[in-house]
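The basis for the numbers below is simple: all heavy atoms, side chains too, and nothing from hydrogens, waters or symmetry mates.
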Amino acid sequence: LAEIKPYTRDMAAELLRTIQPMQKKFLQELGTRFVFPADEFYCLAGMPLPEDEEYEDYPQIENGIGMLRMFETDLRFAVEDYPVAETAPRRLVIACGTSIAAQMQRWCDQYAPKGTTVQVIPILNRFFGESVTVTGLITGGDLVDQLKDVQCDEILICRNMIRNEGDLFLDDMPLNDVRQALPAPLRIVENTGEGFWRAISGLEDM
C-alpha cells in the first residue's frame, strides 16, 4: 500500500499559506474563492479561522467545511441575544475530540461569563484509534475512562456523540450508564453556537 503521512502542524500551515493566493486569484477570475480548506487544517496549524464572508455561501458546509466559523458566528449572536455577565461560581468540563480542543478552549476563555471556569479535556479515541480526532466519534467507554477523576460541577458533551435516538454511544454503551459512571452531572449540548453559550452560561435549553 502507498504510504500516507499524516499532516503535521507545519504542513497544515504551509498548505493554508499556499491556498490563500490561489483563493485571491480565483476570486478575481471566477468570482468565487473556489477552494475552501477543511476546518481541521486551521485547528492543526493553530491559525485563525477565516471570517464569515470568506466562506461565501458555505458551499461545502455539508462536508463540515466552514462549520467552526458558522459555530462562532452563531455564538456571537447568542451572546448578544442572551447576555449573561456573571454567574455563581461554576467549574465546567467540556469533553471533545482532540482536533477541536484548542479552539474550544479559546472560545471558553473568550466567552465564558465571569464566575464560570471551563476546562476543555481532549478525549483520546482508543476505541477507533487515536488518529480519529473528531468529537462525533467519541465513545462512552472512552469518556468514562478519561473523565473518571475530574473535579467539576458539570460535564458537557456534544449531542453528536450519541445516536439519533439519544440513548447509545457508538460503542453501544447506554447514555444512562455513562451518566452513572461519571463523577459529575452530564449535560448534552446541541452542536450550535447558541447551544454552547446556553450551556456555559447556565441558561436552560429551549
Side-chain angles (χ1 to χ4, degrees), residues 9 39-40 42-52 64 66-126 130 132-162 166 169 175 178-206:
R9 182 185 180 95
D39 293 14
E40 287 83 359
Y42 293 99
C43 291
L44 181 57
M47 295 175 65
L49 298 171
E51 293 301 321
D52 186 69
M67 186 175 292
L68 296 184
R69 168 49 62 206
M70 186 176 286
F71 183 99
E72 185 169 5
T73 299
D74 186 42
L75 171 58
R76 290 173 180 170
F77 285 132
V79 172
E80 294 174 2
D81 292 341
Y82 309 103
V84 176
E86 187 171 356
T87 66
R90 301 167 67 228
R91 295 177 303 164
L92 305 179
V93 160
I94 294 179
C96 62
T98 56
S99 61
I100 189 61
Q103 179 64 57
M104 184 66 67
Q105 188 66 65
R106 284 192 287 270
W107 284 331
C108 293
D109 295 342
Q110 181 177 355
Y111 292 103
K114 184 179 179 181
T116 297
T117 302
V118 188
Q119 177 188 7
V120 175
I121 296 182
I123 302 298
L124 296 176
N125 198 319
R126 297 188 174 121
E130 293 185 13
V132 177
T133 61
V134 297
T135 297
L137 295 179
I138 291 173
T139 61
D142 281 338
L143 281 176
V144 170
D145 182 61
Q146 296 173 53
L147 298 178
K148 60 176 181 275
D149 296 322
V150 300
Q151 297 182 0
C152 62
D153 298 308
E154 193 172 40
I155 297 170
L156 312 180
I157 65 169
C158 184
R159 184 173 297 281
N160 66 2
M161 290 186 196
I162 307 167
F169 288 85
L175 174 59
V178 174
R179 288 188 186 278
Q180 293 173 9
L182 291 175
L186 180 66
R187 177 166 175 165
I188 313 298
V189 181
E190 297 297 331
N191 188 26
T192 63
E194 180 177 329
F196 171 78
W197 170 244
R198 300 187 76 86
I200 66 171
S201 59
L203 297 171
E204 294 298 322
D205 294 327
M206 298 180 66

(message) Name the residue from I188, V134, T135 that meets the side-chain contact (heavy atoms from CB on, under 4.5 Å) definition with N160.
(response) T135
(request) Find the distance between CG (L175) and CG (L186) and round it off to the nearest 0.5 Å. (result) 6.5 Å
(request) Let me see the working for E204 and R198 under salt bridge (Lys or Arg N to Asp or Glu O under 4.0 Å), right down to the final yes or no. (result) CA-CA 7 Å; E204 294 298 322; R198 300 187 76 86; over 6 Å; no
(request) Decide yes or no for C43 and I100: does some side-chain heavy atom of the first lie under 4.5 Å from some side-chain heavy atom of the second? (result) yes
(request) Report yes if some heavy atom in the side chain of Q146 is under 4.5 Å from a heavy atom in the side chain of D142; otherwise report no. (result) yes
(request) I would like to know whether Q103 and L49 meet side-chain contact (heavy atoms from CB on, under 4.5 Å); could you show each step before the answer? (result) CA-CA 10 Å; Q103 179 64 57; L49 298 171; 4.3 Å; yes
(request) Return the minimal non-hydrogen interatomic distance between S201 and R90, and the atom names on each side. (result) C-NH1, 3.9 Å
(request) Flag yes if more than 12 heavy atoms outside Q151 fall under 6.0 Å of its CD atom; otherwise flag no. (result) no
(request) Could you tell me which non-hydrogen atom of C96 sits nearest to which non-hydrogen atom of M161, and how far apart they are? (result) CA-CE, 4.4 Å
(request) Calculate, to the nearest 0.5 Å, the distance between atoms CZ and CG belonging to R69 and L75 respectively. (result) 10.0 Å
(request) Please report the closest heavy-atom contact between A112 and I200, naming both atoms and the distance. (result) CA-CD1, 3.9 Å
(request) Can you measure from CD1 (I162) to CD1 (I138) and round to the nearest 0.5 angstrom? (result) 11.5 Å
(message) Just so I know, are the side chains of K148 and L182 near enough to count as touching, which here means a heavy-atom distance under 4.5 Å?
(response) no
(message) Contact between P50 and Y42 at the side-chain level, heavy atoms closer than 4.5 Å - yes or no?
(response) yes
(message) Would you say that W197 contacts L203 through its side chain, given a criterion of any heavy-atom pair below 4.5 Å between the two side chains?
(response) yes
(message) Can you confirm whether L92 sits close enough to T116 that some side-chain heavy atom of one is under 4.5 Å from a side-chain heavy atom of the other?
(response) yes
(request) Ignoring hydrogens and angles, tell me if any N or O in the side chain of N125 forms a donor-acceptor pair with the backbone of T133 under 3.5 Å. (result) no
(message) Can you confirm whether V118 sits close enough to M104 that some side-chain heavy atom of one is under 4.5 Å from a side-chain heavy atom of the other?
(response) no
(message) Please find the pair of heavy atoms, one from E194 and one from A78, that lie closest to each other, and give the distance.
(response) CA-CB, 3.7 Å
(request) Go through E72 and R76 one step at a time and tell me if the salt bridge (Lys or Arg N to Asp or Glu O under 4.0 Å) criterion holds. (result) CA-CA 6 Å; E72 185 169 5; R76 290 173 180 170; 3.6 Å; yes
(request) Starting at CE of M67, measure out to CG of D74 and round the result to the nearest 0.5 Å. (result) 12.0 Å
(message) Which heavy atom of T98 sits nearest to which heavy atom of I123, and what is that distance?
(response) CG2-O, 3.7 Å
(request) Heavy atoms only: give me the nearest V178-G140 pair and the separation to one decimal. (result) CG2-CA, 3.8 Å
(request) Give a yes or no answer on whether the side chain of N191 reaches the backbone of C158 with a donor-acceptor pair at less than 3.5 Å. (result) no
(request) Can you measure from OH (Y111) to CZ (F196) and round to the nearest 0.5 angstrom? (result) 9.5 Å
(message) Once rounded to the nearest 0.5 Å, what's the spacing between atom CG of L68 and atom CH2 of W107?
(response) 4.5 Å
(message) Quick test of your reading of the model: are D145 and R126 salt-bridged, counting only N-O distances below 4.0 Å?
(response) yes
(message) If we ignore hydrogens and angles and just use 3.5 Å, is the side chain of D153 paired with the main-chain N or O of R91 as donor and acceptor?
(response) yes
(message) Are the side chains of C108 and V120 in contact, using a 4.5 Å heavy-atom criterion?
(response) yes
